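This chain uses plain numbering: 1 for the first residue, then up along the sequence. Everything numeric in this text was worked out from a predicted model, so none of it was measured. Keep in mind that the numbers below use all heavy atoms, side chains included, and drop hydrogens, waters and symmetry copies.
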Amino acid sequence: MTSETTWHKSSYSNAAENCVEVAEGPTTHIRDTQHRAQAQLSVSSFEWNALLHALRSH
């Protein structure tokens, strides 16, 4: 992850503070908006897309 990483949260979140943010790319990074400086979860783009597909299917 570089200093140029672009983070975003869902448009469904509006101004909510209790969200997660993602930075998508070859590796997708996921972090808690309330604890940005703490650990982040990183998954491959394949894994991230599989998760999104599974969530949309239910």
side-chain hydrogen bond (donor to acceptor under 3.5 Å, both in side chains) partners of [X], counting only residues at least two apart:
{"X": "Ser44", "answer": "Glu47"}
{"X": "Ser45", "answer": "none"}
{"X": "His35", "answer": "none"}
{"X": "Gln38", "answer": "none"}

Show me the pairs that pass salt bridge (charged side-chain N to carboxylate O under 4.0 Å, His left out) and involve residues 22-38, at least two apart or across chains. Glu21-Arg31, Glu21-Arg36
So with a 6.0 Å cut-off around NE2 of His8, is the heavy-atom count from everything else above 12? yes
Under the salt bridge (Lys or Arg N to Asp or Glu O under 4.0 Å) test, which residues partner Arg56, sequence neighbours left out? none
Using 0.5 Å steps for rounding, measure from the NE2 atom of His29 to the OG1 atom of Thr27. 5.5 Å
Among residues at least two apart in sequence or on other chains, which ones pass side-chain contact (heavy atoms from CB on, under 4.5 Å) with Ile30? Val20, Val22, Thr28, Leu41, Val43, Trp48
